[in-house]
Structure formats: C-alpha cells, structure tokens
Amino acid sequence: MEPQRRPKFSRTKQKADLEGVLRKSWYHLRLSVRHPSRVPTWDAIVLTAASSEQAQLYEWQLKRAKRMGRIAASTVTIAVPDPLGQRIGSGAATLNAVHALARHYQKLGLGSDSEESSKDEVFHPSMVSFIAKRHVLLLHAGGDSKRVPWANPMGKVFLPLPYLAADDPDGPVPLLLEHILAIASGARQAFKNEGGIFIMTGDVLPCFDASTLILPEDTSCIITVPITLDIASNHGVVVASKSASLENSYMISPVDNLLQKPSLEELVKNSAILDDGRTLLDTGVIAVRGKGWLELVKLALSCQSLIEELLKSRKEMSLYEDMVAAWVPAKHEWLQLRPLGEELVNRLGKQQMFSYCAYDLLFLHYGTSSEVLDHLSGSGSGLVGRRHLCSIPATNVSDIAASAVVLSSKIAPGVSIGEDSLVYDSSISSGIQIGSLSIVVSINVPKVNETAENSYRFMLPDRHCLWEVPLLGCTERVIVYCGLHDNPKESISKGGTFCGKPWKKVLNDLQIEESDLWSSSGILEMCLWNAKIFPVCSYFEMLDLASWLMGLSEKSNEHFLVLWRSYPRVSLEELHKSIDFPKMCLGSSNHQAELAAGIAKACINYGMLGRNLSQLCEEILQKEVSGVEICKDFLDLCPKLLEQNAKILPKSRAYQVQVDLLRACSDESMASKLEHKVWDSVIDETASAVRYGFKDHLLEAPSSNSSRALCDNNGNEGSQSFHPRSVKVELPVRVDFVGGWSDTPPWSLERAGCVLNMALSLEGSLPIGVIIETTKVTGVFISDDAGNGLLIEDLTSITTPFSVNDPFRLVKSALLVTGIIHENCLVATGLRIRTWANVPRGSGLGTSSILAAAVIKGLIQITDGDASNENVARLVLVLEQLMGTGGGWQDQIGGLYPGIKFTASFPGVPLRLQVIPLLASTELIVELQQRLLVVFTGQVRLAHQVLQKVVIRYLRRDNLLVSSIKRLVELAKIGREALMNCDLDDLGEIMLEAWRLHQELDPYCSNEFVDRLFEFAHPYCCGYKLVGAGGGGFALLLAKDAENAAELKRLLQQDSKFDAFGFLGSEQFRRIWTPSQLRYNCLDCSVQHYTMDACKMFSVDARKTTLWSHHKRCIFVGGSKVVHFRPERNMNSSEASTDPYDSMSCPTFPDCGFRQPNSGVILSCLDCFLRNGSVYCFEYGVTPSVFLAKVRGGTCTTAASDPPETTIHRAMYLLQNGFGNYDVFQNNCEDFALYCKTGLLIMDKLGVGRSGQASSIIGAPLAAILSSPLKLLMPSPVGVATVTAGMYCMSRYATDIGVRTDVIKVAVEDLHVNLGWVGEPEEEIAEDSEPSNRALAIAR
C-alpha cells in the first residue's frame, strides 16, 4: 500500500494583500456594527487586564470604541483584571474572563433562572446553557508590556496603528484593537448559530480574510500559518496530522502535538517539518465552538476554586501550553504533571483540537518597539496615514521628515522630527528635536517663550523612546525614556542596556552606584524594569536630567548626579503599578478635543468647510464642560462664512454645517427647521447646473397674468396654441453594472461621475411609456396604468411641495420643469397624458426616472422644444429634486440611450454629460445572454429613502462615503474595459466590490432575503449586486459560465424558497410581478445592443449631382445602425438644425445623429441614412478586369476587406476620436469607409485621395487632356471617345488603393500620428469643449 503523503505547501505562496484584507475586514466590521441583524456581530467582547486600574482604562477605551462605531451597541463589553492583580497565566485568565462575563450577565438579569449560588458552584445550569449559546470575542491584553514600555500605560492592544487612516481623516486614529476587531468580525460568521469563543492576543494582528474561516463542529481549532524554521524556534509550533482536508487557501487537520520554541532536532523528531521545509506557527488565535465550548463554559463557571489554588501557589496556567494541551491527547501525560493539569484533562480532554492552516495569513507581531516602527515603515507603509488629526507648522519654520508619523499631536514651529519616527498624542513646543526611528507618546512640553529662538532646547537622540505617565498622588507627570532596542527584562549580567548603552558603561559614565538603582533585598535580577532611575521633579528638571542620563548634557556630571539623587525616583515596575488611569483618560480626551476644535475652527475661518464637522464635534463634546460652548462659538461664525463665500460655497453644504452644529448644541428643533433649507438648496443648485435662470421661478406658484406665449423649454417664445397632435414615447429600463451614486446631486454638481449601465427591453417590448395628446378642452387630464385619473382645470394649483402620496406628482413636476405651466402655454388647448410602467414599483430598474424622461421628452416634443436626450436627462435631474426623491442622471441616461454605454458627467454650469455607446461584440452578446440573470427579489424599496441618507452623509463630508464613491467611479472605468474586452470574470469581481461599497454607503440597501439569495447564488456566480440604489427590487447575477447559469436557474426554479420565473434569454416567461408574488422572480430580458451580424460598406445615391454624382458611403455596424463621414456642421450655430441626422428628427432611435464635437463622423440609423436615396453595396477584392469594366467610379476596389470585427472596431473608434477635416478630394466619405474596411493609408498626403470618387472626377478631364494628342490618329469621334474612356478607366485603376504602392497599413489607434491630427483624451475633450445652446456632447 502506498504511504500517505503529507499535504504540500507552496514555498512561493503569496501572503495576504494587507490592504485588501484590511479594507474588506473594516467593511465587514462597519456593516456588522451598523446592521447587526443582517451581519451578525459578537454578543460579547471581553478584554483581560493586568490590574483593576488597567481594567478601568480598558473599559474607557471600549466605551470610546462603541461611541466611534467600532463595536455594536448591542454587544456587551467588559474588561476583566487578574484577581488581586496577581498574574495567573493566560489559561486561567481565560477561565476567569468567561466566569466574569457570566457574572456580568447575571447583574443584567440575563441567563439565570435562579439567584441562588454557592461559593463552589456559582451559577445555575441555565446560566451555563445561556453562555454556551453566546458568541464571545476574548482578547488577552493584560500584562506589563515590558518589551514595549511606552505602550504599558495604555496597553499594547491600544497602541496607534494608522493603517487606512487616510480613508477617514477626521476620524480618530485607528488603534491596534480596532484592526483586530475588524479581522475578528469576519470570523463571527464561521460559528453560524452555534455558540463559541474566539480567542486572540492583544499584540498580534493576524491579517487574513477571516470571513472564509472554516471551523470544525463541537471542538477547538487553532489558526496556524507556514513559517520558516528560524522564526519558529522563538514561537509555538503545531504538529498537524498527515490526514488533512486540503484546499487552495487553507488546510484543516487534527493536531498531533504542540512544541514550544523547538530546536531543529525537536522539529525533525516530531515530524513537524512540512514538505517545503517550513513548519506550522501557532498564531495565538483559537476558536472553540459547540460541545467544546459548552465543556469550556462548564469549567469556567466553576473555576474559582482552581484560581484560588493558583493564587496560593503563585503559579500560572498558560492557555497556549496547558489548556490547549488538554485538547491534544499526545500532551495529556505531560499536562497531568502541570498545575491543575489533571483537572484540565478530565474536563476538556474529550475533544480533539484541529489546525486551520491559512496559507496566506500575514503575521504582524507588535512585541517590541522596533517591531512597531518596522510595521509602520515596512511593506505596509503605503497604508499608513503619516499625518492624522494633527497641527503641524509650515515647512519653512519646522523640520519634519516626510516619513515621520505624527498622530493626534500639536507641533509648534521650531520643532525637528527625524525619519520614520512616531509622535502620538503629544504637544511639542518649540526647541524640541526628535531623532530618527524614535517614539514620542503623550508628551506635553509646556511653552516657555513665544518665539522659537528663545525656547527651551531638548534633543531626543535617534532610536529612543520618550513618554509621560501620570502617577497616583503626584501632580507632575513622570517623564520616562529608554533606547528603542532596550530590553527592560534583560539583566546587567546578561548584557542589558539603557538608552542603547550597556549598563556598566552607563553607571561608569554617570558615576551612579548600583545601590542607587536597585535595593539589595528582594531583587532577583537587576534590569531596567526594576531600576529606580526616573526622577519625580519639575517638568524641565526632568528633561534636563533625561538629557544627562542619555549622556547628552554638557554641564558638570557632579551637578546632575547630586540633583538626581536628591529627588524621589521610580522604576518602570513601580510606574506600572501606580499609573493614574482616570487622569490619563481625561488628559487624552481633552487633548483630542482641543485638536478637533482647532481643526474645526480653521476649517470655518480659512477653509471651504471641507472637513467633517459633525465628526469633529463628537470629539469636541468629550471636553469637560466647554465642549458645547466651543460648538456654539462655531455656530456664531457661520453667517459670516456664508456671506464671504456666497459665490463659491454651496448653500446646501453651509446649511448642513449649521444643522450639525445645532445638533451638537442640543438644539434639535432649530436643526429640524433648518434642514428644509438644506434640501431647498440642493434643488436650487441642481436647477442652476442644468439650466440658466431656471431656478428663479421653479418654486414659485404659477401666475395667471404671466406671458401667454407658447414656450419651449429653453424659454423661447413660439405660437400661442398647440398644434393638434399626439406624441408617444416608449423607453426601456436599465440595469447598472457599476458607478451608481456618482451621478447623484450634489456629488455630480461638485465632482466627476462615471456609470456603466445597459438598457433592457422586457418580453421583447419597451415597458415604460407615455402618450400625450392635445385636446380642445382646456386643462390637463392625467391617467396611469393603475386606473388612477385626475383632471386639473386650474393649472395654478400645480405648486410645490407635492404630497408623497400624490400619484401624479411626477407628471405635475414635469409640467413645471418644462416651463409649460409657468408660461401659461395651455390657454386655448388642453392635454391628455397617459403613462404606464410595466415594471414593479421599487424595482431598481430606474423606472421612476425613465418614466419622468418619457413624460418630459413627450411634453417637449409636443411643444417643438429641445427634446435631445442630453437636455431631457438634465431636466429629469431637476424634476427629481423637485419631487423630493433625489436621484441622479444614470437612470434616464440608461433608458434614453440604447445598448451598453459608459457615461461621465463633469461639474459646472451647465452640468456636462458624456455618453459613450459601447459596441457589444457578438462574443460579448452571447456571453451576456448565457451568463447574466436578472432576478426580481420581490422586495420593494423606495430609492429616496436610501438617497436621503447618502446625500446627508455627503453634505457632512463623510470621508468614508466620499472615498467609497470615488472608488465606484474608478471601478466604472475599469469595468468599461473589462466589458469591452469580454472579460466577464473581471466584471464579476467589479460587481462584487461595487456591491460591498453600496453597503458601505448604506447597510440597509440589502436585507435578509437578498442576502439569502446571494448566499445561495455565490457558488455559481462570479459577481452579483442589486441594481439601482438597492434595498430591494432586481438583482443582477453574473454566472461563472453558461453551465452554472443554467444550473442556478434550475435550482432557483425548483427550490420553494426561490420561485424563479424566466431568466435573461429564456424563451418562456410567466409574468408575476405583483408584491404578493413568491419571494424571488426573474424577468425575461433582452439586451438592447448594436449587433454585429453584418459589416458592409453601403453607398447611397442622393441625386444631388453638382460637378459629379455624390455617393454617401457608410459602414453598417448592425442593429440598423451605420457610421459615416460627412462635412462638419457648425455645432455652435444658433440657427435651427436641418441636419437629417440630428436625433431630434429621428422618431425611432434616440442616439441617431450622435457625433463628437467638431467631428464629421456620425452614428445614424439606416432609415435616416437612406432618406431620399437608394442603397448600393460597395465591392471589395474585385479583379482588375471587373474594376476596369465598371463605368462609374466609387463602386468597387481591388483591395481586400478586413474581417467584420476589425472594420467595426475602426468605425467605432473613429466615431469617438474623429477622422480629421472633411475634404472632397483628400478626405471624403469614401476615404473613411475604405480605411475602415482595409486599414490602408496613402503615404503621400498631397496626392489624390484613396477614393474612387476623387479619382473619377479628376480622371475624366485628365483622360481627355492626355488623349487629345492621339486624336490625329483617330479621325472619327468614336475613336476619340474610345481612347478617352480607356484612359479614364486606366487612370481610375492606377489610383485605386488596392493597386497603388504608396500605401501602408495603419492601426486606427495610430491614425492621428500618421495624419498629424491632434488628439485629446476623452475627459480632456469634455473639459475643454464649449457648451452649445442646442445640446452638450453626450456620447464619447
């Protein structure tokens, strides 16, 4: 039998992407805090502490974490000190923490049916059952932090770790604890509904995607990672069984043995070395669930006698040696000889421990000061926010290294900070110099003089640490210092150091006696930890003595020695026991509040309110007494700010700041009143960005005495009555892949936006529409597909605000924004308006906006106004603000323009839109038809409820929201490339990230039904999201392939929980769209696209002959669309357009007539192109004889045609980038078509063009001239004509592009280089182009 092989680990396996893991983990944490009913969070978070005083500090930090949104309000948080402040070991501390948690629940009146308890059996069995069902996160954060002494007062778990700090510059500095909470939040779902405990250490950040964690049931599991043998020799090692469940990113196997700091011989002996030469490192992360957790709870709730025994014997029980050994049978014999080992084996030994090996786990240890700096300047340095919530002087009055990390600190002029140093929670006055690789924490140097020249001077050398500690019963804070690499636990005899120097040298140089530092009794090892070296005296005397002890003083050694000996002194050990934690917390809160107040004041006085004042006020209000008064002072500054910056500061932002300040001052009634001004300002600003002067009358009641002239929507006067006519507008719905929210005001009014979306027809028809008819009876009659009807006789009654229950407020708003009401256009006639939307309300398909677009377009068409798509899209923006629903431009763009398109908007007055139609290849269409599923969730949502929350957060300048929308914009650009490259797997990843970002913007955009659908579909899909704003409606599922799509569809249809009725591309469709339908239904949809079923060059005889018969050439790109080249029309002309390719004149295709500004390349429908002409098919690759036989030029060529996909690519590229200036002889429509079909370009730009048109018109006279000398040889007219015709045909043949030798094949992307055209990037074109009165360029 072949021996079983051990699983192989890849030596080159990539570690976790630190940024990606942290971002996903923080996203998960925020979601679980904001919406714990959707994303389960921990029932309890417990921290262990070394003493009751340290536990008080931890309690304060935990409350702060709750206030800052790091911990859910429903989560119970406690800090549990070691009993009597005596160390009992991490194992006993674990039992003590679970015991204390049960006590806490008992005080809350939870978990116990009986209040009776005894000394031995504390809890009733019901409490055991209650705790066993809880999900507990336990962090071991106790101890004295000897190797990171500056973090000892705060606790290592609370040391600053500014990864991703730049994402939220107005928020608090991220702490190690918060990153640990983020990682742990993903692990919660691994427990599912089974209770358990997740144990981590407070000085390790295990960076891995914990949401993928797989935990065995009813037992314990330790997280491991492959590590090299040299590192393993200083840590714990896990020996995993040879039988393992091996996957791509993890391996689960039983634990055979545990080794502590093993030698190479021990590793070999215990078969701990993997095939790749590494071994499994114990990360300190342990999970226990199910029955294993129940047994642990039983032990913990009866552990007091065990702990008392440990206290009496002054022994410790380790979690990672003793308790874990109880779950490893091979360790039982060893464990029974340990303190309480027999009890552990009897109580816990029934369960077998497993190892979960996370290949890509990144193990970040913060065990020493140098490790802390290494992690800030190492591979993760790009994530580090190096300036956060700090006050820093100008670079010409200070010297602060770019790599220095300055957090929550105030730096005065005249300060120097060296490279890679860390300054945290400090106020540094002038004259202080901090070296490189140094750490300064909680230092508050008082001001001596106002000028830096006369200030107190102090230098902290390179590689040193400096911090302050408030002591109980002491008014002064003690200044403490040491070298970066000093090990406080290392004794003099073993080479211990102080400030980087051996102790013997320090004592010799400073003439200090050992007896000055260490008493002769009770000291086992003389080391820095117990050396009484830090004097307690006045602040500047402590700094002077610090310089002397570091060996930097130039004064007499005798002077400082006498001074030093005259003051009481303390050691690090004594400091640890005497810290005044309440004073430290209060000082830190006041310091943070003062910094926040300074930043807020500068923002109001000098800035443009770009900071999140609401968030800053939360910190300011933590200041004792004066916090509210500071906010009131800021409120008094607001009117002046608005007055000074009225022309550039958006009023909506200014009013929102006042609302936030009023709430900070607890004036809720005034804040609620002012909120109306916020929304009114958003409406005004949107209207101003869309139409000049429109906002002036938008909110006013219509006047019966106003002008009675018929007006179009540009304010132009026309006839006094409507022409009797009827207009019908039908539009598709849209689904968005990515980019939503960046189209929404006020974002789109201030920042660029990008959206990638697609139009869909349902059941082969356009589901949204309106019919508008003129009537002889005055007034407006409105009806909808629900049977509602309303006759409005008095049009002056149409005023804002509209009731949210008004079923016709959309149509009423459309009558206002088009100007029909205010200009009293309906004097002698009336209107009948009927609307329909064959889509469920709240579907997320943009129904409301697209219906608004249809109504506005119909109203404008019936008044002969500017019904261009770009104008309609902008007016819908105003309409939605008027209705109070909010919303952006992507919905109406999605419905007005067919197919897949990438749309960008650019802020300004007016708002500029750029719609780029994306040509879908045959491959892409097939892939979408096979893999894309559009599913109705049955959950109805109202977009405005989500929109209002997001808009308020933006107006507050919520940095997380801003960074999320910026990322959505970026993803839209990436998604465009992925879609056009037919890389649907990448598109799926983009959809998943977009869905995560949507939930970051508003966690309520999903619900348990949607979550369940996505969880069910996840194995079959590479991407999914809700369309639109979310909250319900339709889901977009992108399957991994056609087989997975078919299987997912089958499963959804068969599963009673998901009743699916037809998918994208299905032939059968059962229409069940009502709210009472079963939970999940799917729509049969077809993509509106440009097909590529043919690619021919056509010519149209327009019968407009001047010197020669003009043929219009085009490239047929499918979908009844052609691309052609013609002379440019003056885009800025104020004259009415007579262009037959203007979209205004095409009743079928909204994008017919699309062209770039100042470009002659046009996209037209075939009907408009063929207007008044006949079609001919141009021939390629003909033989010379056939070519010469053609009497008429411009009908064929000997050049061969390229494949259809290449031709269409060239045509669509030139549609976006132009083909130069039109020239009848050098660069005409046939030249354009010939290049698209062949890619050939004539090198001699001064010669005759490529086309047969030019050749024929030049060739005929030329042939006549050349043949005239031969007429003497041809006496008859027939002979002359024959020779002339022959010469004409030969001249055409000689100039044919397939015959000429001066041609080259040029890629379309390089065409502008070969022809000397000046090309601009798409965004730059949009920025530089001047807007016209007719419309903006909207399709790029």
Side-chain angles (χ1 to χ4, degrees), residues 4-10 13 15-16 91 183-184 186-187 190-191 196-201 204 206-210 212-229 231-233 235-262 266-293 296 318-332 334-335 348-363:
Q4 188 175 13
R5 294 181 58 83
R6 291 182 64 85
K8 237 183 185 179
F9 293 86
S10 171
K13 184 73 178 180
K15 287 297 182 184
I183 295 292
F191 291 85
I197 188 170
F198 197 65
I199 306 173
M200 305 177 75
T201 59
V204 171
C207 289
F208 75 114
D209 184 2
T212 62
L213 184 63
I214 305 295
L215 296 178
E217 295 182 0
D218 295 324
T219 188
S220 59
C221 184
I222 188 166
I223 312 301
T224 60
V225 61
I227 203 75
T228 56
L229 303 186
I231 297 177
S233 63
H235 296 275
V237 168
V238 173
V239 182
S241 171
K242 295 180 180 180
S243 60
S245 172
L246 183 63
E247 301 292 340
N248 289 332
S249 60
Y250 66 90
M251 181 184 75
I252 298 178
S253 53
V255 174
D256 283 349
N257 208 344
L258 301 168
L259 306 175
Q260 287 298 324
K261 299 182 179 179
E266 288 179 289
L267 291 171
V268 173
K269 180 181 177 181
N270 289 279
S271 301
I273 301 177
L274 306 172
D275 288 349
D276 67 352
R278 296 183 293 173
T279 190
L280 295 181
L281 174 73
D282 168 11
T283 64
V285 182
I286 297 173
V288 190
R289 64 182 293 208
K291 293 179 181 178
W293 170 229
L296 184 59
S318 168
L319 169 65
Y320 301 102
E321 293 184 50
D322 300 318
M323 185 178 291
V324 168
W327 289 311
V328 181
K331 300 290 291 185
H332 284 182
W334 169 86
L335 180 59
L348 304 178
K350 297 177 183 178
Q351 272 74 37
Q352 167 77 55
M353 171 168 269
F354 282 78
S355 162
Y356 176 95
C357 176
Y359 297 161
D360 56 354
L361 186 145
L362 190 61
F363 185 80

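- With a 4.5 Å cut-off on side-chain heavy atoms, Thr219 and Trp327 do not count as touching.
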Between Thr279 and Ile227, does a side-chain contact (heavy atoms from CB on, under 4.5 Å) hold up when you go through it step by step?
-> CA-CA 6 Å; Thr279 190; Ile227 203 75; 4.1 Å; yes
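- With contacts defined as side-chain heavy-atom distances shorter than 4.5 Å, the pair Leu281/Phe363 qualifies.
- The CG atom of Leu361 sits 9.5 Å away from the OH atom of Tyr356 when rounded to the nearest 0.5 Å.
- Inter-residue side-chain proximity for Asp282 and Val237 is flagged as unmet; no heavy-atom pair is nearer than 4.5 Å.
- Minimum heavy-atom separation, Met353 to Val328: CB-CG2, 4.4 Å.
- Closest heavy-atom contact between Gly236 and Gln260: CA-OE1, 4.0 Å.
- Within the model, atoms NZ of Lys331 and CG of Leu259 stand 7.0 Å from one another, a figure rounded to the nearest 0.5 Å.
- Under the rule for a side-chain hydrogen bond (donor to acceptor under 3.5 Å, both in side chains), the partners of Asn257 that lie at least two apart in sequence or sit in another chain are Asn270.
- Two residues are said to be in side-chain contact when any heavy atoms from C-beta on lie closer than 4.5 Å; Tyr320 and Ile286 meet this criterion.
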Audit row: Ile223, Leu213, side-chain contact (heavy atoms from CB on, under 4.5 Å) steps and yes/no | CA-CA 9 Å; Ile223 312 301; Leu213 184 63; 3.7 Å; yes
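- Residue Leu362 holds its CG atom at 9.0 Å from CG of Asp360, rounded to the nearest 0.5 Å.
- Every side-chain hydrogen bond (donor to acceptor under 3.5 Å, both in side chains) that Thr224 has, sequence neighbours left out, goes to Ser355.
- In this structure, Leu229 and Ile273 have side chains that are in contact, with non-hydrogen atoms separated by less than 4.5 Å.
- Of all non-hydrogen atoms in Pro254 and Gln352, the two that sit nearest each other are CB-NE2, 4.3 Å.
- The closest side-chain heavy-atom distance from Val285 to Phe208 is not below 4.5 Å.
- Rounding to the nearest 0.5 angstrom, the gap separating the CG atom in Leu215 from the OG atom in Ser220 is 10.5 Å.
- Residues forming a ring pair (Phe, Tyr, Trp, His ring centres under 6.0 Å) with Phe191 (at least two apart in sequence, or on another chain): Trp42.
- The minimum heavy-atom distance linking Leu335 with Ala325 is given by the pair CD2-C, 3.9 Å.
- With sequence neighbours excluded, the residues that form a salt bridge (Lys or Arg N to Asp or Glu O under 4.0 Å) with Asp322 are Arg338.
- Scanning both residues, His332 and Ala326, for their nearest heavy atoms gives NE2-O, 2.8 Å.
- Scanning both residues, Ala358 and Val225, for their nearest heavy atoms gives O-CG2, 3.5 Å.
- Using a 4.5 Å cut-off on side-chain heavy atoms (C-beta onward), Met323 and Leu296 make contact.
- With sequence neighbours excluded, no residue forms a side-chain hydrogen bond (donor to acceptor under 3.5 Å, both in side chains) with Ser233.
- Not a single side-chain hydrogen bond (donor to acceptor under 3.5 Å, both in side chains) links Ser318 to another residue, sequence neighbours left out.
- For Lys291, the side chain to side chain contact (heavy atoms under 4.5 Å, CB included) partners are Asp218, Gln351, not counting sequence neighbours.
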